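As structure tokens, the structure follows; a few thoughts come after it.
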Amino acid sequence: MSNLRIAEIFEKMADILEVQDANPFRVRAYRRAARTIEGLGREAAGIAAEGALSELSGIGEDLASKINEFLATGKISAYEGLKKRVKPVLLDMMDIPGIGPKTAKLLSDKLKVKSLDDLEKKAKTHKIAGLPGLKEKTEENILKGLRFLKKDSGRMPIDTAFTAAAGIIAGLKRHPEVIDISPAGSLRRMKETVRDVDILVTSKNGGKVIEAFTGLPEIASVSARGETKSSVVTKDNVRVDLRVVPPESYGAALMYFTGSKEHNIAMREMARKKGLKINEYGVFRKRGNRKIAGKSEDEIYSLFKMPYVEPELRENTGEIDAALRGRLPRLLSVDDIRGDFHIHTKASDGVLSISEIAALAKKRGYEYALISDHSASLKIAGGLGEKRMLRQIETVRRFNARYTGIEILIGSEVDILDNGDMDYSDEILKKLDFVIAAIHSGFKQTKEKLTSRIIKAMHNRYVNTIAHPSGRLIGQRDAYDLDYEKIFAAAKKTKTALEINACPERLDLTDINARRAREAGVKLGIATDTHTKHQMDNMIYGVSVARRGWCGKKDVLNCLGLKELKRFVQEKRNGKNID
DNA sequence: GCCGTTTTCGGCCCGACTGTTTTCAGTCG
């Protein structure tokens, strides 16, 4: 997807300009443009074709022409030029926490640092202390920062952050000086990966709370510690930032600390134009500095005549404008989910029995749960041949006859073969309640080939969703290249839903593609891809992707009750709308 | 580099903490 590449280049250009001590607002313009492009609901090429690039927020004539140049040539000459004028090690050094453009440049100019390894050597041999403004403490911090970079490239999966936050919140909740406590930052916005865990506390005695926080047993080291703010690293190498504010500032602080940065900047700019100022303590009139709001987020948004903006939407990708016009979507919640669409039993590569699955699903208040073991050709995962599949169908039917309170649907995660055919005959497929189709082979094929395999599968009247459509594994395997415009069009036409796989390593579709799918009128199915007991709890992460994709109940297939769901399946089987 | 019911030029979000300083620059979120 070229959007990501363009964003990456703008981000790099900002880094280089920063090292060159360019106008900081110019640097910010590049960063802001990068975020705009990254969060775009569609391919920049489409917008460029309409000549509408410069209508995007933060993109003017100059950046629009740079994007056009990239779309035409695959390069931006200004970037190529900038790259030549700066040593790569400078940019590497800026990845180290605590080192910004100024320090990086100083180290490069005065010490001729050649690489991060070289930097480590120079810090260890005390070559850094003695440079203007730097002493032993800076050397220690550089070494600490380098160790942090080596251990972990930075971002962790959402569930790791969730667990770390839960532990710390549990540890502080009962402290007598803690009044409110909440996760904030990208964790509260439920981004798919998180760099550090942010936690907000209200208290009348910040010092005591910070003292308790830095003394928690799971903390390995403390990197900053003040009266209202502290940063630590846990024994699991998770960075945690804690911030303490007085109770009357809870809303303002929660908004500030939740971000995103871009959302906050946009809100603050709006405030400034009205003669107001927003900071983490409240909203103030500039004249006289009188506080007029801040206790709750609701109070702040309504001051600007906006409804409450859900944290998942706060990315400055149109939510402020939508809120001002009263056009924010009503997002689905995890309580709206009526069933889980993707569960493996021990018949293939899961560990649960049918009755265990039924009990777990019932406990969650579901009306239905779909058993979806692998089909024959996925031998490595114990895929079921047609005979075993027929037996499993019978087993589930018998199970339902004697079990009450939930319906177990029988389905399958059927392989899409190389030619786009399904791995089971229609004779088998028609006996199933619901069919998931998935690609498990040929990830390196061309965009055209992979796209056409999926589209052909969608045209099978028994196929109801496409599982983990892009095949990505976060941090391990890139998404394969698909023509999403074509996929969305085919999904809509054939009444096939696209899965949001809720497994934290997958989260596939992504939030951005979920939003594009929704805008294209495509239904989504949120599914946990459960193999073991606790994985049914991952539903929250899939729902969060849908929320970040602006989805409401009506966009999500498993918000339907059982009857409506069966009707949806039957409509496709009747085949009126498929070529 | 962007942007405009205060402006086409002159602004551009705002504050905390650290390490090095005796009043602040750099970095971060």
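In what follows, chains are A, B, ... by sequence order, proteins preceding strands, each numbered from 1. Note that the structure is predicted; figures quoted are calculated from it, not measured.
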May I ask you to say what [X] touches in the nucleic acid, namely base, sugar-phosphate or nothing, with a heavy-atom cut-off under 4.0 Å?
| X | result |
| --- | --- |
| A:Y256 | base |
| A:R32 | nothing |
| A:L276 | nothing |
| A:K261 | base |
| A:S231 | nothing |
| A:N23 | base |
| A:P97 | sugar-phosphate |
| A:S230 | nothing |

By nearest nucleotide on DNA chain B, pick out whichever of A:R243 and A:R268 is the more 5' one.
->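 The residue closer to the strand's 5' end, by nearest nucleotide, is A:R268.
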
On DNA chain B, more 5' by nearest nucleotide between A:M94 and A:T228 is A:T228

Using the [atom1] atom as the point on both nucleotides, what is the distance between [M] and [N], in whole Å?
| N | M | atom1 | answer |
| --- | --- | --- | --- |
| B:dC9 | B:dC14 | P | 25 Å |
| B:dT8 | B:dG4 | C1' | 8 Å |
| B:dT7 | B:dC12 | C1' | 13 Å |
| B:dG11 | B:dT6 | C1' | 12 Å |
| B:dT21 | B:dA16 | P | 24 Å |
| B:dT20 | B:dT27 | P | 13 Å |
| B:dC13 | B:dC28 | C1' | 14 Å |

Tell me, please, the opening and closing nucleotides of DNA chain B, 5' to 3', among those with an atom under 4.0 angstrom from a non-hydrogen atom of chain A.
-> B:dG1 to B:dG29

Whether the side chain of [X] engages the backbone of [Y] through a donor-acceptor N/O pair (distance < 3.5 Å, no angle test) should be reported.
| X | Y | result |
| --- | --- | --- |
| A:R268 | A:N279 | no |
| A:R155 | A:T193 | yes |
| A:T234 | A:I219 | no |

Flag the pair A:Y281 / A:Y256 as yes when their ring centroid distance falls below 6.0 Å, and as no otherwise.
-> no

Donor-acceptor pair between A:Y30 and A:E11 side chains, under 3.5 angstrom |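 Not at all, the side chains of A:Y30 and A:E11 share no donor-acceptor pair under 3.5 Å.
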
Just do the salt bridge (Lys or Arg N to Asp or Glu O under 4.0 Å) check on A:D511 and A:R515 with the steps written out, would you?
-> CA-CA 6 Å; A:D511 48 8; A:R515 186 170 170 186; over 6 Å; no

Once you apply the 3.5 Å cut-off to both distances, tell me the Watson-Crick or G-U wobble partner of B:dA16, or none.
-> B:dT27

A:M255 and A:E280, any side-chain heavy atoms less than 4.5 Å apart |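 A side-chain contact is absent here, since even the closest heavy-atom pair is not under 4.5 Å.
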
Would you call B:dT7 syn or anti, using the 90° rule around 0?
-> syn

Evaluate the criterion side chain to side chain donor-acceptor pair (under 3.5 Å) for residue pair A:E315 and A:H263; output intermediate values, then yes/no.
-> CA-CA 6 Å; A:E315 298 292 346; A:H263 177 87; over 6 Å; no

